[in-house]
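Both counts, for ligands and for their atoms, begin at 1 and track the order of listing.
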Amino acid sequence: MPGVRSSAPVRGDSFSEIVVLMPVSNTCPFLLCQVQSVTLKKSFQGPLDCAQTLYRERGIRGLYRGTLLTLIRDVPSTGVYFMSYEWMKEKMRGDRSRTRELRATQILLAGGVAGMCNWLLAIPADVLKSRFQTAPENRYKNVLEVLREVLQSEGPCGLYRGFTAAMLRAFPANAACFLGFEASMSFLNWLIPERV
Ligand SMILES: CC(=O)O[C@H](CC(=O)[O-])C[N+](C)(C)C
């Protein structure tokens, strides 16, 4: 039995994330903005209602609209997320003891900072994605049109709209997430010890 060591696979398989989770995550901007359904002229009751209405009005394409932007947002930022987390842990452990256990506060700090690094990179693509997904169907031909419009109307700062709210959420959410992750890893490694 190899034991449980690596952090990345726990975050899931990318293919299933795109196929299964993308429609779920794609309903979020609609719910947050409370964009109204075109035909029913009503706000959505929840994620399921939103997904059903989108499917009815726009078909399967409606559920996957903005997938490219989601990938542009998540692929590089996820790399930075795990890299910054591991880098901070290594720095806090110091050179001498690579296997030294970190304190909970150190894990919280590394996780929180990793979440902030993730969003520092992800916000511009997230802003474009939300605008693109919630716009009326034929408003934008492609992503570049959304980018042009944001830059023209708000300048480069427009790409960082929501920065403060994103950062205020990113630290505690990811600090807790990594603490839970490390606690689960310790438990699993205790349950299934590594054979040497
Ligand atoms: C966009 C997103 O979900 O970011 C995650 C961190 C967070 O604050 O939710 C990180 N990751 C994309 C790696 C799941």
Side-chain angles (χ1 to χ4, degrees), residues 4-35 44 46-48 50-51 54 62-92 102 104-135 143 146-147 150 156-188:
V4 188
R5 285 278 166 265
S6 160
S7 62
V10 177
R11 279 309 194 119
D13 151 48
S14 320
F15 179 74
S16 59
E17 271 198 42
I18 293 171
V19 176
V20 182
L21 294 182
M22 200 64 80
V24 178
S25 95
N26 284 352
T27 59
C28 295
F30 287 87
L31 292 167
L32 285 172
C33 304
Q34 273 304 322
V35 171
F44 302 110
L48 197 64
C50 181
L54 273 178
L63 291 176
Y64 286 92
R65 194 176 189 208
T67 294
L68 179 65
L69 275 165
T70 308
L71 292 175
I72 292 172
R73 180 193 71 180
D74 284 353
V75 172
S77 63
T78 298
V80 165
Y81 183 62
F82 287 112
M83 264 166 53
S84 53
Y85 179 66
E86 293 297 334
W87 183 82
M88 282 205 58
K89 278 202 320 184
E90 211 170 294
K91 287 285 153 211
M92 285 191 281
L102 291 174
T105 47
Q106 293 175 307
I107 292 167
L108 286 169
L109 180 67
V113 171
M116 290 171 87
C117 293
N118 172 89
W119 280 104
L120 212 56
L121 201 66
I123 290 175
D126 194 62
V127 166
L128 298 178
K129 177 183 90 70
S130 302
R131 280 205 180 214
F132 184 68
Q133 288 177 325
T134 55
V143 175
V146 193
L147 177 65
V150 173
C157 292
L159 290 173
Y160 272 90
R161 226 167 175 212
F163 175 84
T164 311
M167 289 299 157
L168 284 175
R169 172 200 165 274
F171 191 94
N174 289 284
C177 169
F178 274 110
L179 187 64
F181 164 73
E182 295 291 353
S184 312
M185 290 290 278
S186 301
F187 174 70
L188 287 173

Inset, instruction - Using a strict 4.0 Å cut-off to heavy atoms of D74, name the atoms of ligand 1 that fall inside it. - result: 1 (C)
Legend entry - The single option from L121, L71, N118 passing side-chain contact (heavy atoms from CB on, under 4.5 Å) against P76: L121
Legend entry - Nearest neighbour of atom 5 (C) of ligand 1 from the list D126, N118, T78, on a heavy-atom basis: N118
Inset, instruction - Output all residues satisfying salt bridge (charged side-chain N to carboxylate O under 4.0 Å, His left out) with R73, sequence neighbours left out; order by chain, then residue number. - result: D126
Legend entry - Side-chain (Q133) to main-chain (R65) donor-acceptor, under 3.5 angstrom: yes
Please list, one pair per line, the donor and acceptor atoms closer than 3.5 Å that link side chains of residues 158-171 to other protein atoms, with sequence neighbours excluded.
{"unit_1": "Y160", "atom_1": "OH", "unit_2": "L120", "atom_2": "O", "d": "2.6"}

Inset, instruction - Pull out every atom of ligand 1 sitting under 4.0 Å from any heavy atom of Y81, numbered as shown with elements. - result: 10 (C), 13 (C)
Inset, instruction - Of all the heavy-atom pairs spanning F178 and A114, show the shortest one and how long it is. - result: CE1-CB, 4.3 Å
Inset, instruction - Please identify which atoms of ligand 1 are closer than 4.0 Å to at least one heavy atom of R169. - result: 7 (C), 8 (O), 9 (O)
Legend entry - Mode of N174 contact toward ligand 1 - side chain, backbone, both, neither (heavy atoms, under 4.0 Å): side chain
Inset, instruction - Mark the output for W119 as yes if a heavy-atom distance to ligand 1 is under 4.0 Å, and as no if none is. - result: yes
Legend entry - Salt bridge flag under 4.0 Å for residues E182 and K89: yes
Inset, instruction - Please determine if R73 has a nitrogen or oxygen closer than 3.5 Å to a nitrogen or oxygen of ligand 1. - result: no
